[in-house]
Amino acid sequence: MSRLRFATAWLAGCSGCHMSFLDLDEWLADLGRLVEIVYCPIIDVKEYPDHVDVALVEGAVANEDNREMARRIRDRTRVVVAFGDCAVTGNVTAMRNPLGSARTVLERSYLELPTLAPAIPAAPGILPVLEDRVRPLQEVIAVDGFLPGCPPPAGMIREFLEGVIAGGPPVARRPRFG
Amino acid sequence: MTDSITNQSVALDLGEVDARFGSIGEWIASQGLSNGDLMAVLHRTQAEFGYLDRGALGFVARALRLPLSRVYGVASFYHNFRLTPHGRHEIIVCTGTACHIAGATRLLEEAHCRAVGLKSVTVGSTRCLGPCGAAPVVVADGELLGGQTAESVSEIVARARHES
Amino acid sequence: MTAERKMRINDVQVKFEEGETVLACARRAGVRIPTLCHFDGLSDIGACRLCLVEVEGSAQLAASCVTRAEPGMVIRCHTTRLAEYRKVILELLLAERNHVCSVCVANGNCELQDLATEHQIDHVRFDYQFPALGVDLSHGQFGVDHNRCILCTRCVRVCDEIEGAHTWDVAGRGGTSRVITDLAQPWGESQTCTSCGKCVELCPTGALFPRGTSVGGLVRDRGRIELAMAHRRHESCHG
Amino acid sequence: MSPDDLDGIAARENASRKPIQIRCCTAAGCLAVGAESVRRELQGVLEQHPLRDQTEVIGVGCMRLCGFGPLVRRDPDGTTFAGVRPADAPAIIAGQGPELTPLDMHQPFFRNQKSVVLANCGIVDPERIESTIAAGGYRGLRDALTLHSPAEIVQFVTRSGLRGRGGAGYPTGVKWSIVAGSTDPNKHVICNADEGDPGAFKDRTILESDPHRVMEGMVIAGYATGARTGYVYVRGEHPLVTDRLQKAIDQAREFGLLGTDILGRGLIFDIEIRVGAGAYVCGEETALIASIEGGRGIPHPRPPYPGKVGLWGAPTLINNVETYANIGAIVENGPDWYSAIGTPTSRGTKVFSVAGRVVRTGLVEVPMGTPLREIVEVMCGGAPKGARIKAVQTGGPAGGFVPEPLLDTPVDYEAMAAIGSIVGSGGMIVLDETTDMVEMARFFMDFCRDESCGKCIPCRTGTVQMHGLLERIGRREGTRADVLRLELLADVVRHTSLCGLGRSAPNPVTSSLRHFRGDYEEKLRGGPKS
């Protein structure tokens, strides 16, 4: 039977979850046989494809690009999994939320603190616009499974994927934040 | 919503505090009050001094032999106790159900925007005051006024600004 | 003849002493009931509602930490309904303030975190509130981070009932409630705090912590406190 | 004062009344629309008027039709004038005047009322005890002390079938017998006058209009249970109640109806006022006790119930204003007279304050079992300008919505519970067809969120989440998943909260979802089918 079309994506996160994914070391080779990796930050595919079966999405939704990518993933994917605490809870990425709007954060970072040519960076079309609130993935799109952890340990990722590949539900057995 | 609690550094000069609130101390002694009367003492202190600053709360705690944090906890729990000074004029819009249906939200907005920047006029809201037959109700410096409208509220604010 | 002091917990027959709580009986019978605001030796207040149990013949759930065992009582501690209620209560807590486990001193040593795992919580179904809350590092030895406080008031009770200083109490109301020291002054300015650290020891999360603790570095030794409570209990007036 | 003196005082008071009495309502409802200046003007005009010897102006309590205030009645003929202005004073004193059209006192609003609690409202002068005694006040207390034993009184209250008028409807007799049964020498009686329900004003009105009736009920409770100290917990927002009640207490002490030898029968009982400071949760009995003890209004787990362990640990009886206001009549006329009123499970009368989108806002006292429709449409004239009534809300933030088709439901504890509402303490808000039920549910949830004491997690955080969901649905940004989350939270908050506030906070949501699901569906993103 044809292999599962598998993808991972990376929104507003630190890539630690993908590092943990890579800690699967040699099992990645098995994974390569079990599924067809159709999109991933570490393979050379520019456009998120259609008919993806399972997608692990790392990172929260912090800017308009993230939101657009999240929508695109949702439209083209059967099982979307929030991968890591940033996607599941907002985690560190969302720690700016209590400070107020994006404007407050930008002013602090780019006007008050820098001494050399302080200015808020703006490059329409290139630099995505920050949203006022960083949101966990399930506040933006419907999410089918959750893999919490910062990062989720490699063992948990493997157990989770093996379950999903075998047709089981996208549920982590002993989920743990942090 | 009750406003949030923020820390404030304060060095209480006990002599100054005792002098400022001497009348409260005498009243407590004359009435033979104890720590069960904290609410009555806070009511009296606010009536006499306008609001309850940390000096007042520190004094009351010592006078009734109560922990400082307990007195602050009680004072900050109840809506009617004020921990910060209010303008000389106070305009309170009732937001009970009957007044809400009669347009209290609109009156509160009107009062707020008319009084913005005026230190002498404090605009606030309160739970149901009871005269629902006269909804919507506004209390201007303690006087209960029924059947209010956006125009009448803006006049009240104007009059308060004019007088202060 | 007074009725025999016997009750049933999860179909297990349990004997109890006069005045003993259902929670204490369950523990003796080896039945684990989740708790957060309860701490042996402190007065019980029934605030977190995690220890709710079903009592046969009553439509209302009972908080086992404050419910006295009665002869003939039949208690259910683990039903699907209770599990779902406990899960929702824990999710509500996780969404109320800023519990960022990954960068918290108590990461790996937090009762809220452990309970979330125990109840299979892999995400929170409610909107995160992201309130703006402060951190107070004015005390030489300890710090308080209100983002991690769940208002269980163990600190308030241990400071009042065991240390006797009553430095801590709760100020404000509802969602804007907050633990304070003295007149809501910086902790370091407190004239009543004896710096005994009992509150820091009992805090279930990373809200109260020894300064200088790194992420995941908070280790608690509650033996000292349990000893102090045992000494106090024999003449404690809070029976 | 001895029991027989009561009649002497009454006789002297009635003899000193002038033939023509002009009664002016001075309850807060009318004061808010200028009743005080009307009363002053009437007094001023009378002083230079030829009829001044046969006429007197009396400030009295509520005449029930608050929406048409200020109200003035000329007795003995009883013609009552609405919306009186100071300029109308001369015409009223003279007894006739072109522009003064008297109210129809035989309209259903007045005719369909059956007065037990409000019998003296608008008749007696609340600031003169003699006026109440002349109208028969304290006869119940006299009969209790001279004819019946404490145990008999508890029996009377039980047999009368009276149930708590604070909203829960707990059998009053049971409460009294628990406190009476305790041998603890130190007991208390508390009158819960917190009335925090927004839109409810019946407790306030009773205390402003006839405080002695409530105090009489408390003294009888002291006699029946053995308690010696009584407290009335009044809201900080009701200064007029505190003033009138304190005057009544002082006068009652002077007349030996409070103190150490009541009516010369050796009964010791006194009443003190405790003023709240703005916390709806203090309507819950254990939070009220914590507040009287000088603490934050934080509820305590029950059991133990206050009847066994209450104020400062002593057995404490806590009843609502209206509950105590029934006691005197029950003792004087006997429990069977009382239980003949109302329905087999909900005896006696109930006082409602009707407000909102209704033609006649005011106070009505009707036998239990009266259909809601009779109160809202027949007596209070339905919604103004011929608009259709959409729902009636009873019980405030703890209550539910009764949709128009179910308005034939009788006012009865069990009947109201069956349709997902409660009799409540007495607030009744009429909502017309323009009302957005999602917005109303949000309004009550906003109230509960702000008034939650913050102690227990489900109420403190659940109300915040439910308010956020209701706001989002109200902005038409809500989804079906949001409605399901709302129902989940309603279930959790209702069954796991520590006290009544949290347990009933979801009622407006569940009741509006049950009776007005369409209001929610049409606001969902992508319409009802999404």
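Throughout, a chain's letter reflects where its sequence line sits, starting with A, and its residues are numbered from 1. Predicted model only: the values in this text are computed from it and were never measured.
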Who wins among C:Leu92, C:Thr153, C:Val88 for the most heavy-atom pairs under 4.5 Å with chain D? C:Leu92
Most chain D-contacting option - heavy-atom pairs closer than 4.5 Å, from C:Ala171, C:Cys37, C:Ser177: C:Ala171
Could you work out, with salt bridge (Lys or Arg N to Asp or Glu O under 4.0 Å) as the rule, every residue matching C:Lys198, not counting sequence neighbours? C:Glu163
Heavy atoms only, distances under 4.5 angstrom: which of [options] has the most pairs with chain C? Name it, please.
options	answer
D:Leu498, D:Val492, D:Asp482, D:Val493	D:Leu498
D:Ala481, D:Pro304, D:Pro301	D:Pro301
D:Gly468, D:Pro303, D:Pro458	D:Pro458

Please check if the number of heavy atoms outside D:Arg494 that lie under 6.0 Å from its CZ is greater than 12. no
Taking a cut-off of under 4.5 angstrom between non-hydrogen atoms, the residues of residues 52-65 of chain C near chain D are C:Leu52, C:Gln60, C:Leu61
Which residues from residues 121-130 of chain C are near chain D, with near meaning under 4.5 Å between non-hydrogen atoms? C:Arg125, C:Phe126, C:Asp127, C:Gln129
Please classify the contact between C:Ile45 and chain D as side chain, backbone, both or neither, with a heavy-atom cut-off of under 4.5 Å. both
Is there a donor-acceptor pair under 3.5 Å between the side chain of D:Lys455 and the backbone N or O of C:Cys152? no
Between D:Arg460 and C:Gly175 (side chain of the first, backbone of the second, donor and acceptor by atom type, cut-off under 3.5 Å), is there such a pair? no
Minimum side-chain heavy-atom gap C:Glu84-D:Leu488 below 4.5 Å: yes
Spell out the residues in residues 283-299 of chain D that have some non-hydrogen atom less than 4.5 Å away from a non-hydrogen atom of chain C, in order of number; otherwise answer 'none'. D:Arg296
